[in-house]
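Report on one structure; see the data block that follows.
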Amino acid sequence: MTDDLLHSLNDQQRQAVTAGGGPILVLAGPGSGKTGVLTRRIAYLIRAVGVRPWQIMAVTFTNKAAAEMRQRVQALVQDERLYGFQIGTFHSTCARILRVEADYTPYTKDFLIYDTDDQLSVIGRAMDDLDLDPKRNSPRAILNAISSAKNELILPHQYQSVDLFTEIVARVYPRYQRLLEQSNALDFDDLLVQMVLALRSSDMLREKYQQRFEYVLVDEFQDTNSAQYQLVKLFGAPQNNVFAVGDEDQSIYAFRGADYRNVARFRKDFPDAQVILLEQNYRSTQTILDVARAVIDKNTNRTVKKLFTTRKDTLPILVHEAWDDEQEARFVADQIDLLRLKHGYRYSDFAIIYRTNGQSRALEATFVHRALPYTIYGDVSFYKRREVKDVLAYLRLVSNPNDRVSFERVINVPKRGLGEKSIRDLFRWLDQEQISLLNGLERLTEGDAPPLAARALKPLAEFALMLRGWRSQAQTGQLLALFDTILAEVGYRLYLRESSDTPQEAQTREDNVDALRATLQTADERQMSLQDYMIEATLMQDAADTRTNEGERVTLMTMHAAKGLEFPVVFITGVEEGILPHFRSLEEPNGIEEERRLFYVGITRAKDRLILTYAFRRGLYGSSSVQERSKFLLDIPPQLIDAPPGTLRTDQGAAQFSSMTRWDGGMGRLKDDLARGSASSGRVIPFPRQDAARATQFRAGMNVFHEAFGQGKVIESRIDGEDEIVTVAFVDRKFGIKKLSLAYAKLTVLQ
DNA sequence: TACGCATGGCTTTTT
DNA sequence: GCCATGCGTA
């Protein structure tokens, strides 16, 4: 009766799906059918073991993944209703439970969830209260530190400072937390922390949920943080029917607290855990798997997996060295055209993956120029747009009139003549009188005159009256009507039109407001309360993101965004020191290993063809700089790199580049290095540096003046014996780009 | 209070 | 090279 669930599985997959109770750890390599195993396991529990859907808790890392998984499970259980089946992110699962069990927390059940922007403004206020200068200590860094502490379940009073910076954090953290509580708001991390604290503090509560959730399944286990790991253990106990699926090699979220060592911890905490390795890959050619493995095998502290495929076809991968990021983009475009023509690939078969968002620019410019259709995957979230945040803040203020962050956001949008000064005075008055924001506003409408500038009182009282009206309208439960009333009364649409620079911008922003309006319509249909809606809106930051992913387009994205996806042809661009690995990662402990995993994730997205590119020079932050190819390239065995003549490799470029500079490397060089064995000994042949002999007087990016040619910008400067050769692009098009010898030319630097 | 220009500083990103 | 923030001025 469960044949349909099991018939297409290999032995290891079947073992995972049908394993009995107790802790189970599935280490699933990329492309090994992990999601299929997870969904089938859930369906199997329901259909073959007789577990009721409401006894199952499944956790994913994104809302999108949760929605997809729910759908797949539904398809697998056919007509069975998934009544009470809990699937969601850790955060949404906790939010849901905490709403019901708010009595076990310092909050009331209509609590709010603050997103990162809200958090930053609270940090700002906390720092202001403590007389700390946000220029000396970045609020973002402090927020990160607090967030890390929370992920480690370190409470404000437990936070230990070890240096000056952490001393600042130690002061801000308690103040920040108190402000959150004052606004009845939790940040994302609090959802986890408060859940852990509640479960730990009350036997009754703990037993209630431990009994309810008999089976706990966790996806992307390598990306759990400490708090999440504790939650897994708390919900899983005492039966410990915990099914954890993950891959240490794909842990790429350390910067937000993910700790792949939780995999090892799980093995230690549950010594009787069954460990199942999924090593058969259903995605890539053997060469691609070998390349991936060569890269990742340099990492330590991992469970070694041996990925294999039964695919017989394979091609070597291609490594291409471009002159600069522009040429790199052109090469990518050329390859796409070539592969489409020669091998019948479609635009949608291609992905271009890079380390940093900024790298998309050169690619986009080239693609636009050549009319090559593309789409950027994972663009700025809908919910991050200003107009969306504004309107949500209005709703949130209605939902919780003590929410100071939302109040501050909307009080002067549109402009009401209420600036920073008035707000600070108002808050000071509230704190002095020890009354809530709502109370204060009410007193204003009754004619109470707090110590504020006289001209601020009227608009403030007007605002208070509007808010009162909205609050009573909210009682009717018609969210859409409330939304329309608010927009009309504050004149928000008019404001959008007036504050936009172009009619197009106004249109886009209004469209966004209408898209948000549609979500309220849905909420009404589902009879959601305003409070429920607010929680959903904060947690589901991707839900309303109606990106048109239709059509034949190549996909551009960061490596992080690429996780979980696959494409027939994958380009990884900018495989250079400083980019991959990223220079910022060098400061992090084990940063290099994380970068290596990132590269690994990128490589394993490819099904048939993998093309790695790097550039000799790259425009970073305006000025162009000389790049060195990534050391990761030297980990790839040379025999996997070549390409048969006439398939992919184009050699014309190299000659062209060498004539443009003294730099005489070429495309074959990497392979030559590797063949010579210099790679294994770790020797890297450095590019000639421009400043090798002595420093140049001029540097790229400098603005200069020449008596005959006028003003210009330095593109490049290099030492030539005793002389210095400066390449300058002159503002006057007549002169264009010129190479000047300092021995003759008079060139002065302009400030 | 609001707008305009200058300065600085810069990953990755989901909840 | 761009964007966000901050300060100075109307």
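Keep in mind that the numbers below use all heavy atoms, side chains included, and drop hydrogens, waters and symmetry copies. Naming: A, B, ... by sequence-line order, numbering from 1 per chain.
Under the ring-ring contact (aromatic ring centres under 6.0 Å, His included) criterion, A:Y176 pairs with no residue, sequence neighbours left out. Residues meeting the side chain to side chain donor-acceptor pair (under 3.5 Å) test with A:R261, sequence neighbours left out: A:D259. For A:E594, the side chain to side chain donor-acceptor pair (under 3.5 Å) partners at least two apart in sequence or on another chain are A:R597. For A:F255, the ring-ring contact (aromatic ring centres under 6.0 Å, His included) test picks out A:Y253, A:H560, with sequence neighbours left out. When the side chain to side chain donor-acceptor pair (under 3.5 Å) test is applied to A:E577, the partners found at least two apart in sequence or on another chain are A:K631. By the salt bridge (charged side-chain N to carboxylate O under 4.0 Å, His left out) test, A:D425 pairs with A:K421, A:R428, sequence neighbours left out. Not counting sequence neighbours, A:Y600 has no partner by the ring-ring contact (aromatic ring centres under 6.0 Å, His included) test.
Mapping A:M559 and A:A456 onto DNA chain B by nearest heavy atom places A:A456 at the nucleotide closer to the 5' end.
In this structure, CD of A:E326 is placed 13 Å from P of C:dG1, rounded to the nearest angstrom. Summarising the geometry, the separation between CD1 on A:I411 and P on B:dT1 is reported as 12 Å, rounded to the nearest angstrom. Taking atom CZ of residue A:F90 and atom P of nucleotide B:dT15, one finds them 13 Å apart after rounding to whole Å. For A:N144 and B:dT15, the CG to P distance is 17 Å, given to the nearest whole Å. The separation between A:L112 atom CG and B:dT15 atom P is 19 Å, rounded to whole Å. A:R597 places its CZ atom 18 Å from the P atom of B:dT12, with the value rounded to the nearest Å. Rounding to whole angstrom units, CD of residue A:E220 and C1' of B:dT15 are separated by 14 Å. What separates CG of A:L426 from P of B:dT1 is a distance of 12 Å, to the nearest Å.
For A:R404 and A:F427, the positive end sits near the middle of the six-membered ring, less than 6.0 Å away and at most 45° from its axis.
When the side-chain nitrogen and oxygen atoms of A:N63 are compared with OP1 and OP2 of B:dT15, one or more of them lie within a distance under 4.0 Å. Between A:T116 and B:dT14 there is no side-chain N or O to OP1 or OP2 distance below 4.0 Å.
The residues A:R302 and A:E248 are annotated as not salt-bridged, no charged nitrogen and carboxylate oxygen being separated by less than 4.0 angstrom.
Of the candidates B:dT14, C:dC2, B:dT1, B:dT14 carries the atom nearest the A:T62 side chain, counting heavy atoms from C-beta on.
Look at B:dT11: its glycosidic torsion is within 90° of 0, and that puts it in the syn range.
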Each nucleotide N or O in nucleotides 3-10 of chain C that has a protein N or O under 3.5 Å away: list the pair and distance.
{"from": "C:dC7", "atom 1": "OP1", "to": "A:K135", "atom 2": "NZ", "distance (Å)": "2.9"}

Atom pairs, N/O to N/O, protein against nucleotides 2-11 of chain B, distance under 3.5 Å?
{"from": "B:dA2", "atom 1": "OP2", "to": "A:N412", "atom 2": "ND2", "distance (Å)": "3.4"}
{"from": "B:dT11", "atom 1": "OP1", "to": "A:Y621", "atom 2": "OH", "distance (Å)": "3.3"}
{"from": "B:dT11", "atom 1": "O4'", "to": "A:H582", "atom 2": "NE2", "distance (Å)": "3.4"}

